[in-house]
Amino acid sequence: MTDVAKLPLMLTELRLPTIGRLWQTFGDQADREGWGAARFLAALCEHEIAERATRRIARHLAESGLPPGKTLETFDFTATPSLRKAHLMALASGDAWIEQGANVLIFGPSGTGKTHAAAAIGAGLIDNGYRVLFTRTTDLVQKLQAARRDLALPASMAKLDKFDCLLLDDLGYVRKDQAETGVLFELIAERYERRSLIITCNQAFSEWGQIFPDPAVTIAAIDRLVHHATILELNTESYRRRAAAGKRSSLG
Ligand code: ADP
Ligand code: MG
């Protein structure tokens, strides 16, 4: 004889919290409206699956390190005419480019919205079920260098592999004289044609010689990054400066 009293325990053991919360209400409704057993069970499963997806997305957002509020909804496309909303929305949906491990490279002077645009694409990717990690490039390089010193570089790389897309903010702030930036090249080579990168940088490729240990590595890095890449150039005036100027003029 099935012990109905054990149902809450069994649902906990099976990790079905949504069904645990809903089965009584749904059961009453099923009794009232004469649902068959199959429909009752299907309705419960549907809700469990939907909430599981919502919880997964919330987890992915929490682990992403994305700056809050920098989304497509808060991005003003009239301020940045070189970006088309439809294009950014397409990138934010992921699909082909993420599946192919392609990249997005965002260039422009300081304050033009590179980080905001990158974060907005990242947030969209998370909504679409992908895993994303946003990090300042210098922070990540330091972590990878520490890992290399501890002979744990492969393990650290493997951890990063879980992310469909890594957002490396301000690649141009990495300096080869800070320490060996070879780890950055290794990361780029490791992900090449497998896992995507979104990179923001305020220096043109011609200045990347300051980032990588030697010219051959610089060329090899650029080659791999651009082979399958969408390049976005933000060459408007600084949004920060314009916002500040707007405030000043409205103060009279
Ligand atoms: P960058 O990374 O190029 O230095 P940010 O993305 O940090 O620039 O942008 C600077 C500030 O201006 C941020 O607060 C950002 O949210 C805002 N901003 C930049 N461009 C836009 C835009 N087109 N619409 C709305 N906010 C913007
Ligand atoms: Mg930035």
Side-chain angles (χ1 to χ4, degrees), residues 61-94 97 102-127 130 132-144 160 163 165-176 178 181 183-184 187-188 191 196-212 221-222 225-226 229-251:
L61 192 61
E63 76 180 356
S64 71
L66 279 169
K70 306 296 180 190
T71 61
L72 283 176
E73 288 72 44
T74 59
F75 197 81
D76 173 8
F77 284 87
T78 60
T80 313
S82 66
L83 287 186
R84 281 183 309 112
K85 186 170 188 182
H87 190 191
L88 243 62
M89 283 174 69
L91 291 171
S93 72
W97 76 275
N103 303 318
V104 175
L105 312 177
I106 308 178
F107 291 98
S110 178
T112 51
K114 299 183 298 298
T115 299
H116 192 142
I121 296 171
L125 291 175
I126 289 179
D127 280 342
Y130 296 104
V132 165
L133 181 70
F134 177 97
T135 171
R136 275 194 297 211
T137 315
T138 46
D139 289 350
L140 186 68
V141 164
Q142 267 166 31
K143 277 191 195 134
L144 292 177
L160 294 175
F163 295 102
C165 186
L166 278 186
L167 277 87
L168 304 183
D169 198 28
D170 284 323
L171 185 91
Y173 288 178
V174 174
R175 281 288 167 275
K176 63 180 171 193
Q178 272 178 354
T181 52
V183 284
L184 184 57
L187 178 68
I188 290 167
R191 291 181 77 89
S196 296
L197 292 169
I198 299 178
I199 285 174
T200 75
C201 189
N202 52 15
Q203 289 153 303
F205 287 129
S206 56
E207 293 167 56
W208 281 29
Q210 295 162 6
I211 300 171
F212 292 97
I222 294 173
L225 286 176
V226 301
T230 298
I231 297 182
L232 306 174
E233 302 258 10
L234 308 189
N235 31 32
T236 45
E237 207 206 322
S238 162
Y239 191 89
R240 286 194 200 98
R241 224 163 27 237
R242 269 182 295 167
K247 238 178 260 160
R248 269 200 304 281
S249 65
S250 68
L251 289 173

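Just so you know, ligand 1 is whichever comes first in the structure, and atom 1 is the first atom listed for that ligand.
Distances from ligand 1 to the non-hydrogen atoms of Thr80 include at least one value under 4.0 Å. At least one heavy atom of Ser110 sits less than 4.0 Å from an atom of ligand 1. Contact analysis leaves Asp169 out of contact with ligand 1, as no non-hydrogen atom separation drops below 4.0 angstrom. Heavy atoms of Ala118 come nearer than 4.0 angstrom to ligand 1 in no pair at all.
Of the N and O atoms on the side chains of Asp169 and Thr115, at least one donor lies less than 3.5 Å from an acceptor on the other residue.
In terms of protein heavy-atom proximity, atom 11 (C) of ligand 1 is closest to Arg240 CG, 3.8 Å. Nearest protein neighbour of atom 24 (N) of ligand 1, counting heavy atoms only, is Asp76 N, 2.7 Å. His116 N, 2.8 Å is the protein heavy atom nearest to atom 6 (O) of ligand 1. The protein heavy atom nearest to atom 3 (O) of ligand 1 is Lys114 NZ, 2.7 Å.
The closest non-hydrogen atom to atom 2 (O) of ligand 1, taken over Thr71, Thr78, Thr115, Ile106, comes from Thr115.
Every atom of ligand 1 is numbered from 1 in the order shown, and the set under 4.0 Å from a heavy atom of Pro109 is 3 (O). Each of the atoms 13 (C), 14 (O), 15 (C), 16 (O) of ligand 1 lies under 4.0 Å from some heavy atom of Lys70.
Here CD1 of Ile121 is found 9.0 Å from CZ of Phe75. Values are rounded to the nearest 0.5 Å. A distance of 5.0 Å separates CD of Gln203 from CD1 of Ile211, quoted to the nearest 0.5 Å. Interatomic distance, Glu233 CD to Leu105 CG, rounded to the nearest 0.5 Å: 9.5 Å.
Looking at Thr138 and Asp170, their side chains never come closer than 4.5 Å, going by heavy atoms from C-beta outward. When side chains are defined from C-beta on, Tyr173 counts as touching Asn202, because their heavy atoms get closer than 4.5 Å. Leu140 is listed as a side-chain neighbour of Leu160, based on a closest heavy-atom distance under 4.5 Å.
Heavy atoms of Tyr239 found under 4.0 angstrom from ligand 1 belong exclusively to the side chain. Neither the backbone nor the side chain of Ser238 has a heavy atom within less than 4.0 Å of ligand 1.
Between Ile188 and Phe212, the closest heavy-atom pair is CD1-CZ, 3.9 Å.
In terms of N/O distances under 3.5 Å, ligand 1 is approached by Gly113. Residue contacts with ligand 1: Gly111 is placed with a nitrogen or oxygen under 3.5 Å of a nitrogen or oxygen of the ligand (distance criterion only).
At a threshold of 2.8 Å, the Mg ion (ligand 2) has a backbone or side-chain N, O or S atom of Thr115 nearer than that distance.
Ring geometry, Phe205 versus Trp208: the interplanar angle exceeds 60°, so the pair is classed perpendicular (tilted spans 30 to 60°).
Between Ile199 and the choices Leu225, Ile106, Val104, Ile231, the side chain to side chain contact (heavy atoms under 4.5 Å, CB included) rule is met once, by Leu225.
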